[in-house]
Amino acid sequence: MGSYRLLSQEEIGRLKSQMCTAADWFEIEVAEDFSTDYVSHTRFSGHIRIGSFRKEFLLAGGMKKHSGLYYTTLHNVSVGDDCCIENVKNYIANYEIGDGTFIENVDIILTDGESSFGNGVEVAVLNETGGREVMIYDRLSAQQAYVMAMYRHRPGLVAGLKSLIGDYVRSVSSGTGKIGRNVTIADAGYIKNVKIGDSCKIEGTARLKNGSINSNADAPVHIGVGVIGDDFIISSGSSVEDGVTFSRCFIGQACRLGHTYSATDSLFFSNCQGENGEACAIFAGPYTVTHHKSTLLIAGMFSFMNAGSGSNQSNHMYKLGPIHQGIMERGAKTSSDSYLLWPAKIGAFSLVMGRHVTHLDTSSLPFSYLIEQQSTSYIVPGVNLKSVGTIRDAKKWPRRDGRKDPDLLDCINYNLLSPFTIQKMFKAKDILKAILAASGDGPDIYSYMGAKIRSSSLKNGLKYYDIAINKFMGNSIIKRLEGMDFTDDMQIRERLVPEFAAGEGEWVDVSGMIAPKSEVEALLDDIESGVVRDMEQIHSRFREMHARYYDYEWTWAYGRIKEFYGIDPEKITASDIIRIVEQWKDAVVGLDRMVYEDAKKEFSLSAMTGFGTDGDIDTRNQDFAEVRGGLFESNPFVMETLDHIKRKTALGDELISRLAKVR
């Protein structure tokens, strides 16, 4: 938008003849090439700025409309170039409207008083009665929210974060709202104190109040029919459709909420999906997905999670109110009609089946099944490592990252095996061995943390965890020695020494980002002490941690060589590495073979039940092959698994051939 001028007397006369009125015509400024041809039946009050009208909009179905102002009322509004505003039932007040925006058939759009547009709203996650509130703002990341919610044992840290966010809130507070460039608002109802970013589409929305829609040209936001939202932030690339209702919510980048989903006091981070069901006080980390009308997620923390139909949790034991919470670590999911009584903590990449009421804590037994039999909870440790579903999930998440915005808010690590999960497997082995040592080899069933473990499951769990640790450790060592020729053992030892000291000790999953706890704590110390002075510095520090993941990972793996293999890395030889690689090959191929056999179940005779209706066995087989995309051997996942075995075997053999030359 260029310079502005006052209306001429001739222009005022033409506008009056076109049924326009103004409280004060001299409060209206217009662009140099403003034309009265496209302004009619419009009322002006307060300070008004109007751009030029040169653009013609092409609407769905081939309909064309020229930019302009028709049948509308504006109060203290700035209208950019080439906008079309038509049929505003009440009025638009206290807004700056960007170039190329189309507004039609709306009830009211206003900013009333000073507003922060949803920034600074406190969301009572996990504990409905309060105590873990997260203060939302435009650039909230999953990592920042995790720290604010889960580190309440450090009140100085939480106060520091709130102070920094408070600085941001004050910087964006205003008595004037903003509607960005190339925005579409059509057939909408009540919009109050809402900041709307570029290229956003709001169509048929019922009510939006006190929020920010951070749409942009790279990642537009769509708000659809019947949506009702209060006290919210919606991030770039997201869509909220079809009667969704939400209150006090943060909706992260590339999220999808639809089909009458309802949510209160909840956080949804990158690539979450919610349809049909209900969320209350949940912390939905990246890739939390729920599709079913009968599913309630309440007072829980999730990530990389798929909720089965009828999944439910209880946070209220009718004593002190809804004060309980639960955590399902990354990759944990629920089957249909599952139930968990909070408080409980479910280990990473575990599957929950049935109803569990004993306040389970399986966080030290990742990749497990939790099965209910006759009102008793049974744990099957490590069995999910050989599930085709687990491997399929790990492959699909990166492919389903819908974020188009070049400015990514959340740091997401997709690794199935990492120091975070492998450290748990080391601990799981110690736990299972301790149970065996304490109870002997005689019992058929052992007790652990309010649940039962069958003897066969315990022994198999030790085997599965060993295979996974072998796979991870071998992967790390092979990657470290990749593409280098060695003439003696000393060169190998020198290459294995980590460049970074950070990475040793405990690792944490900060809602999608896997990092050494020491590095996270260092950042939190700096926030607490005032070294970090704004939220962008926190973003940068988390991104730096995320970018250095593989450096940190190697430091951790190097420190575990002696514990796992019984070899001092400072004295390791080429022959030792060759033995490690042979073990790694056995682990990788063995695990892939188990996944292969698990996938084969999907092509069994029982899996073909219901196929080939009205036909014979040949018809059934043909129908099954057509629907499933071929026979077992030609299934894309199966072929990929077999190819993975070949590639990994070749990778190991290549390293062995290089090391065999070392004298």
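As the structure is a prediction and not an experimental result, all values here were calculated from the model.
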With a 4.5 Å limit on heavy-atom distance, are the side chains of [X] and [Y] in contact?
| X | Y | answer |
| --- | --- | --- |
| Thr184 | Thr101 | no |
| Tyr137 | Val172 | no |
| Ile327 | Glu329 | yes |
| Phe53 | Leu69 | yes |
| Arg543 | Leu408 | no |
| Val225 | Val227 | no |
| Leu7 | Phe34 | yes |
| His222 | Glu203 | yes |

Side chains of residues 161-169: which donor-acceptor partners sit under 3.5 Å, not counting sequence neighbours?
residue, atom, partner, partner atom, Å
Lys162, NZ, Glu122, OE2, 3.2
Asp167, OD1, Arg170, NH2, 2.5
Tyr168, OH, Asp138, OD2, 2.6

Would the distance check show the side chain of [X] and the main-chain N or O of [Y] forming a donor-acceptor pair, the cut-off being under 3.5 Å?
| X | Y | result |
| --- | --- | --- |
| Glu275 | His292 | no |
| Gln253 | Ser235 | no |
| Asp218 | Lys404 | no |
| Ser236 | Ala219 | no |

Can you name the one residue among Thr73, Asp107, Thr72 that meets side-chain hydrogen bond (donor to acceptor under 3.5 Å, both in side chains) with Asn90? Asp107
Between Leu58 and Gly62 the two heavy atoms that sit nearest each other are CD1-O, 3.7 Å
Closest non-hydrogen atoms of Gly285 and Cys272, given as atom of the first, atom of the second and distance, are O-SG, 3.1 Å
Do the ring planes of Tyr71 and His41 sit parallel (below 30°), tilted (30 to 60°) or perpendicular (above 60°)? parallel
Side chains of [X] and [Y]: do they bring a donor and an acceptor to under 3.5 Å?
| X | Y | answer |
| --- | --- | --- |
| Glu96 | Ser78 | no |
| Asp230 | Asn210 | no |
| Asn105 | Asn87 | yes |
| Gln144 | Arg139 | no |
| Ser212 | Asn214 | no |
| His47 | Glu29 | yes |

ring-ring contact (aromatic ring centres under 6.0 Å, His included) between Phe232 and Phe250, worked out: CA-CA 6 Å; Phe232 62 89; Phe250 179 89; over 10 Å; no
[X] side, atom [atom1]; [Y] side, atom [atom2] - distance, nearest 0.5 Å:
| X | Y | atom1 | atom2 | result |
| --- | --- | --- | --- | --- |
| Gln313 | Thr295 | CD | OG1 | 9.0 Å |
| Ile136 | Leu267 | CD1 | CG | 7.5 Å |
| Ile233 | Ser238 | CD1 | OG | 12.0 Å |
| Asn94 | Ser115 | CG | OG | 11.0 Å |
| Ile48 | Arg43 | CD1 | CZ | 12.5 Å |
| Asn312 | Ser314 | CG | OG | 5.5 Å |

Can you name the residues that form a salt bridge (Lys or Arg N to Asp or Glu O under 4.0 Å) with Arg154, not counting sequence neighbours? Glu521, Asp525, Glu528
Could you check Lys192 against Thr111 for side chain to side chain contact (heavy atoms under 4.5 Å, CB included), going step by step and ending with a plain yes or no? CA-CA 6 Å; Lys192 178 180 177 182; Thr111 300; over 6 Å; no
Counterpart residues, side chain to side chain contact (heavy atoms under 4.5 Å, CB included), relative to [X] (two or more places apart):
| X | value |
| --- | --- |
| Thr334 | Met305, Ala307, Ser311, Met328, Ser338, Val352 |
| His546 | Cys411, Asn413, Met513 |
| Arg181 | Asp99, Asp198 |

Can a salt bridge be assigned to the pair [X] and [Y] using a cut-off of 4.0 Å between side-chain N and carboxylate O?
| X | Y | result |
| --- | --- | --- |
| Arg5 | Glu11 | yes |
| Asp265 | Arg248 | yes |
| Asp405 | Arg403 | no |

More than 12 foreign heavy atoms under 6.0 Å from [atom1] of [X]: is that the case here?
| X | atom1 | result |
| --- | --- | --- |
| Arg533 | CZ | no |
| Tyr91 | OH | no |
| Arg14 | CZ | yes |
| Lys396 | NZ | yes |

Could you walk me through whether Leu523 and Met545 satisfy the side chain to side chain contact (heavy atoms under 4.5 Å, CB included) test, starting with their C-alpha distance in whole Å, then the side-chain angles of each, then the deciding distance to 0.1 Å, before giving a yes or no? CA-CA 10 Å; Leu523 169 57; Met545 273 183 242; 3.8 Å; yes
Any chance you could lay out the side-chain hydrogen bond (donor to acceptor under 3.5 Å, both in side chains) test for Glu241 and His259, step after step, and finish with the verdict? CA-CA 7 Å; Glu241 316 275 353; His259 295 126; over 6 Å; no
For a side chain to side chain contact (heavy atoms under 4.5 Å, CB included) check, start with the C-alpha distance between Val532 and Arg541, then their side-chain angles and the critical distance, and finish with the verdict. CA-CA 10 Å; Val532 173; Arg541 290 280 290 274; 4.1 Å; yes
Side chain to side chain contact (heavy atoms under 4.5 Å, CB included) with Cys83: which of Ile179, Ile50, Ile97? Ile97
By the definition side chain to side chain contact (heavy atoms under 4.5 Å, CB included), identify the one residue from Val123, Val125, Ile282 that meets it with Ser266. Ile282
From CA spacing to verdict: side chain to side chain contact (heavy atoms under 4.5 Å, CB included), Leu140, Leu409: CA-CA 7 Å; Leu140 183 69; Leu409 297 179; over 6 Å; no
Taking the six-membered ring for Trp, is the centroid-to-centroid distance between Phe283 and Phe269 below 6.0 Å? yes
Listed once per pair and sorted, the ring-ring contact (aromatic ring centres under 6.0 Å, His included) pairs that draw on residues 92-121, sequence neighbours left out: Phe57-Phe102
